[in-house]
Amino acid sequence: MASKQVIGVFDSGYGGLTILQEIRALLPQYDYVYLGDNARTPYGNRSFEVVYQFTRQAVLKLFEMQCQLVILACNTASAKALRTIQQHDLPALGSDKRVLGIIRPTTEMIGSLTKTRHVGLLGTEGTISSGSYGMETRKLFPDIVLTGQACPMWVPLVENGEAASDGADYFVRQYIDALLQKDPDIDLVVLACTHYPLLYDKIRRYLPGHIQIVNQGPLVAHSLQDYLQRHQEIAQNLGQNGRCAYYTTEQSDKFARSASVFLQRSVQASHLDI
Ligand code: DGL
């Protein structure tokens, strides 16, 4: 009998842990592999071609590691690489492997959450300039005015363990002020980068109280649950031992230390070249 498959979760670094955490809380029975490309993070200011190549390498590696299904738990990779991987690489591989992104499940929710129909989007330069959220939003909710703000300093703060520092306040406030200056009618802000929940307390502090914040983790987790219910041919092949293995392209001990802080429990990690 073929060995059981695992669900792969990929991000450029630690950010995808905020998605993995919510997925495992909702679907604890499955086996997972997390891969962070910490050696090459951040992806946010890289070109389409580079983000595509890095993401493709990671996805192929996860396929080798018995992942039948890979979640790009990274908005930048979802914006810049998902479509090409789905439309070009998967058909060329001729396989039954699947790759899912996180932009669509996030966008689907915003229509029911905003009253003013003015929504703010905080993301990496790559995600904001790709226009991916705008395209999805126009398809689903043409009446919504979406205003983006790139926050290039936020991922480096998280990756360098500075998310809780006093210095981080300056940059959190700077981008929030810039967003609200562009559109003061915003009543909903989407954290369109999986690293940003790690700055949540500061973001909440500097956003006016009437503005709601959308955190992607629970949305992606529910969307995956729904996907697996609709795709029993995939769900039935998944191992169900509740395990998760962590891999990083950087030093494993450094990753394990930081991931343990983010996840608030002890994590072992291994180094992987991709
Ligand atoms: N966590 C990634 C995202 O959701 C971005 C991190 C990066 O810039 O590498 O967009």
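Just so it is clear, the model here is predicted, and its values are computed rather than measured. Both counts, for ligands and for their atoms, begin at 1 and track the order of listing.
Contacts between Val155 and ligand 1, counted as non-hydrogen atom pairs separated by less than 4.0 Å, involve the side chain only. Contacts between Asp11 and ligand 1 below 4.0 angstrom, taking non-hydrogen atoms only, involve the side chain exclusively. Here Pro42 has heavy atoms under 4.0 Å from ligand 1 in both its backbone and its side chain. Contacts of Thr76 with ligand 1, taken as heavy-atom pairs under 4.0 Å, involve both backbone and side chain.
Side-chain N/O atoms of Glu49 and Gln53 include a donor and acceptor closer than 3.5 Å. No donor-acceptor contact under 3.5 angstrom links the side chains of Asp11 and Tyr43, judged on distance only. A donor atom on one side chain and an acceptor atom on the other are not found under 3.5 Å apart for His222 and Glu22. When only modelled atom types and interatomic distance are considered, Thr116 and Asp187 share a side-chain donor-acceptor pair under 3.5 Å.
For a threshold of 3.5 Å applied to N or O pairs, the pair formed by Cys74 and ligand 1 contains no separation below that value. Checked against a 3.5 angstrom limit, the closest N/O atoms of Thr124 and ligand 1 fall outside it.
Side-chain contact between Gln251 and His271: absent, with no pair of heavy atoms (C-beta onward) separated by less than 4.5 Å. Between Tyr175 and Met153 the shortest side-chain heavy-atom distance falls below 4.5 Å.
For atom 7 (C) of ligand 1, the candidate residues are Phe54, Tyr196, Tyr43; the nearest heavy-atom contact is made by Tyr43.
Summary of contacts: the protein heavy atom closest to atom 6 (C) of ligand 1 is Ser12 OG, 3.2 Å. Scanning all protein heavy atoms for the shortest distance to atom 3 (C) of ligand 1 gives Asn75 N, 3.2 Å.
Below 4.0 Å from some heavy atom of Gly44 lie the following atoms of ligand 1, by number and element: 7 (C), 8 (O), 9 (O). The distance from ligand 1 to the heavy atoms of Thr41 drops below 4.0 Å at these ligand atoms: 9 (O).
Between Phe255 and Tyr247, the distance separating the two ring centers is not shorter than 6.0 angstrom. Taking the six-membered ring for Trp and the full ring otherwise, Trp154 and Tyr196 have centroids separated by under 6.0 Å.
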